[in-house]
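Just so it is clear, the structure is predicted and the values come from calculations on it, not from any experiment.
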Amino acid sequence: QVQLVESGGGLVQAGGSLRLSCAASGRAFSAYAMGWFRQTPGKEREFVAAISWRGRSTYYADSVKGRFTISRDNAKNTVYLQMNSLKPEDTALYYCAADKFPGRVVVSSLGDFGSWGQGTQVTVSS
């Protein structure tokens, strides 16, 4: 099991930027693909972005493609989500997640992830 702690959320105006961080501990972070999801009240948790265990492959939801960038620093056991050109519809609780199995290139389904952080709130004002 891996423990995940997100940070970096906050209130920003539309068009602004935020950088989320997710610090991992407990198992070999570098062996697992990582992802970011988000959720708003009354809606299902939705996929945002994912990165392979080596960081060579990334995958994004269409709604954030070209605006968000996922990256990882395996030496620091941390994954990041750089969010630019933020829109009010990006407002949500953002969760970091770790793949259930090691060595997979990119995963994006909710069921692929076995460990979750507590979430960090992002609010974009218009």
Review point. If you measure from CZ on R72 to OG on S21, what distance do you get to the nearest 0.5 Å?
Key: 13.5 Å
Just list the side-chain donor-acceptor pairs under 3.5 Å for residues 96-111, sequence neighbours left out, or say none.
{"residue": "D99", "atom": "OD1", "partner": "F101", "partner atom": "N", "Å": "3.3"}
{"residue": "D99", "atom": "OD1", "partner": "R104", "partner atom": "NE", "Å": "3.3"}
{"residue": "D99", "atom": "OD1", "partner": "R104", "partner atom": "NH2", "Å": "2.5"}
{"residue": "D99", "atom": "OD2", "partner": "R104", "partner atom": "NE", "Å": "3.0"}
{"residue": "K100", "atom": "NZ", "partner": "G111", "partner atom": "O", "Å": "2.8"}
{"residue": "R104", "atom": "NH2", "partner": "D112", "partner atom": "O", "Å": "3.4"}

**Study point:** Heavy-atom pair with the smallest gap, counting every atom of P88 and A14
**Key:** CD-CB, 4.1 Å
**Study point:** Side chain proximity check, Y32 to W53, heavy atoms < 4.5 angstrom
**Key:** no
Check your understanding: Between atom CD of Q121 and atom CG of L11, what is the distance when rounded to the nearest 0.5 Å?
Key -> 10.0 Å
Review point. Any donor-acceptor pair under 3.5 Å linking the side chain of Q13 with the backbone of S125?
Key: no
Review point. Under the side chain to side chain contact (heavy atoms under 4.5 Å, CB included) criterion, do S63 and R38 qualify, and how do the steps go?
Key: CA-CA 12 Å; S63 59; R38 65 188 182 186; 3.5 Å; yes
Study note, to complete from the structure: Rounded to the nearest 0.5 Å, the OG atom of S30 sits from the NZ atom of K76 at a distance of 15.5 Å
Check your understanding: If you measure from the Lys or Arg side-chain nitrogens to the Asp or Glu carboxylate oxygens, is any gap between K65 and D62 under 4.0 Å?
Key -> yes
Exercise for review: Supply the atom-to-atom distance W116 CH2 to R45 CZ, rounded to the nearest 0.5 angstrom.
Suggested key: 5.0 Å
Check your understanding: If you round to the nearest 0.5 Å, how far is CG of L93 from OG1 of T120?
Key -> 7.5 Å
Review point. When you measure from the side chain of R67 to the backbone N and O of S85, does any donor-acceptor pair fall under 3.5 Å?
Key: yes
Check your understanding: Would you find a donor on one side and an acceptor on the other, under 3.5 Å apart, between the side chain of Q39 and the backbone of A92?
Key -> no
Study note, to complete from the structure: Besides V5, the hydrophobic cluster formed by Ile, Leu, Val, Met, Phe, Trp and Tyr side chains linked at under 4.5 Å, directly or via other members, contains none
Exercise for review: Report the hydrophobic cluster partners of V48, with the cluster defined as I, L, V, M, F, W, Y residues connected by side-chain heavy atoms closer than 4.5 angstrom, directly or transitively.
Suggested key: V2, L4, V12, L18, L20, F29, M34, W36, I51, Y60, V64, F68, I70, V79, L81, M83, L86, Y94, V122, V124
